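Take a look at the structure set out below.
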Amino acid sequence: MSTMSTVRAATAAAFKVLVSHPNVPAPALELLRSRGAETIICQSVPPCREEILQKVSGVDAIFWAHYQPLNAGILDAAGAQLRCVSTMSSGIDFADVPEFKRRQIPLGHTPGVVKNSVADLAIGLMIAAGRHFHAGRSDIESSQWKTELIDWRMGQEIRDSVIGFFGFGGISQAIAKRLQCWDVAKILYHTRTRKENDCEFKAEHVSFERLLQESDFLVVAAPLTDESRGKFDAKAFGQMKSNAVFVNVARGGLVIQSDLHEALTKGQIFAAGLDVTTPEPLPADDPILKLPNCVILPHLGTQTMKTTIEMSLLAANNILNAIEGRPMIRPAY
Ligand SMILES: O=CC(=O)O
């Protein structure tokens with residue numbers, strides 16, 4: 001045994017980590033094990049609550065790798081020795097944060113590392129929705145090519161457009177950064193307070209009303225909270241431009257989906273591109289899937305191998321920091 005590994009074996013106290021999904025990337029599991037963790041891995045896909053409740057008993061840490069409720073039931077089943085939890089997600093709307101605070105259990109998550117893959121996908125949705133990717137494909141399948149018409153499937157261009165962001169954190173800023181060379185007219189954003197670094201992106205902080213009234217493309221990239229839930233309702237869609245393209249890469253809960261359906265059907269707004277819906281999974285017969293001007297993806301924002309590995313390593317490092325007595329890298333509260 002090398003001197004280094006002798007030291008590690010002598011200093012690393014063994015601790016148990018419940019990993020809630022069998023497909024967590026190997027580098028994260030290897031990192032945890034290299035620092036003394038015994039990993040207890042749930043095998044069911046989709047995750048089975050009973051298996052989690054049974055295996056979580058007595059662990060020191062929980063690596064939560066899916067969007068199922070993370071609440072008092074799980075914390076009780078783990079027991080009083082539980083020292084920390086990290087999700088492998090940016091959003092933590094499925095976690096009962098007040099309960100974590102009440103019990104003073106550190107909770108980590110993985111924002112930041114998701115920004116590039118989600119930003120790429122958001123730009124994809126802006127173009128896909130603005131340029132009729134969904135209806136165009138259906139036109140081909142139903143032999144409805146209308147190239148003889150000059151105004152057939154006219155779309156919205158990003159060039160010279162006002163781009164609005166609801167939320168201006170890492171994801172919105174990564175989109176704004178990409179758009180710097182797209183000749184946009186203006187970048188607007190709405191957050192509770194002005195961001196100090198907004199001049200980097202030549203972005204202007206505006207009221208929610210101005211965001212709605214002036215955006216040609218409106219991108220939602222903000223956490224789902226009590227304040228943001230249902231923010232995009234009939235009243236909001238009613239204030240938007242008829243050429244507006246609405247994109248949501250955050251959470252379905254920020255939108256009243258039936259109101260969005262109506263706005264798209266009535267032509268109150270031009271199109272929508274959604275990576276997130278209510279519910280998820282969306283039933284195959286949901287009316288929103290029938291709309292020609294709505295492009296919908298099954299929550300693929302972070303689904304690249306590079307980002308998934310980065311998320312898993314950040315979640316593992318959150319846990320290791322807490323176990324080793326340091327602050328988590330990305331604490332959720
Ligand atoms: O939606 C994805 C995430 O919260 O990481």
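Index from 1, following the sequence. Quick caveat: nothing in here was measured; it's all calculated off a predicted structure. Read the numbers this way: they start at 1 and go in the same order the structure lists the ligands and their atoms.
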query: Any N or O of Tyr67 that comes nearer than 3.5 Å to an N or O of ligand 1?
result: yes
So is there a nitrogen or oxygen of Thr302 less than 3.5 Å from a nitrogen or oxygen in ligand 1?
no
Using a 4.0 Å cut-off to any heavy atom of [X], which atoms of ligand 1 qualify?
| X | result |
| --- | --- |
| Met311 | 5 (O) |
| Gly91 | 3 (C), 4 (O) |
| Arg251 | 1 (O), 2 (C), 3 (C), 4 (O) |
| Ser90 | 3 (C), 4 (O), 5 (O) |

dist Leu179:CG -> Ile123:CD1 (nearest 0.5 Å) comes out at 4.5 Å
For residues 238-297, the ring-ring contact (aromatic ring centres under 6.0 Å, His included) pairs (sequence neighbours left out) are His132-Phe270, Phe232-Phe246, Phe237-Phe246
- Query: Do Asn197 and Gln173 come within less than 4.5 Å of each other through their side chains, counting heavy atoms only?
  - Reply: yes
Within a radius of less than 6.0 Å around CZ of Arg326, do more than 12 heavy atoms belonging to other residues, nucleotides or ligands occur?
yes
Quiz item: Does His299 have a non-hydrogen atom less than 4.0 Å from ligand 1?
Solution: yes
Under a side-chain separation threshold of 4.5 Å, the hydrophobic residues clustered together with Val45 are none
Test side-chain contact (heavy atoms from CB on, under 4.5 Å), reference Thr302, set Leu121, Asp275, Val114, Val113, output is Val114
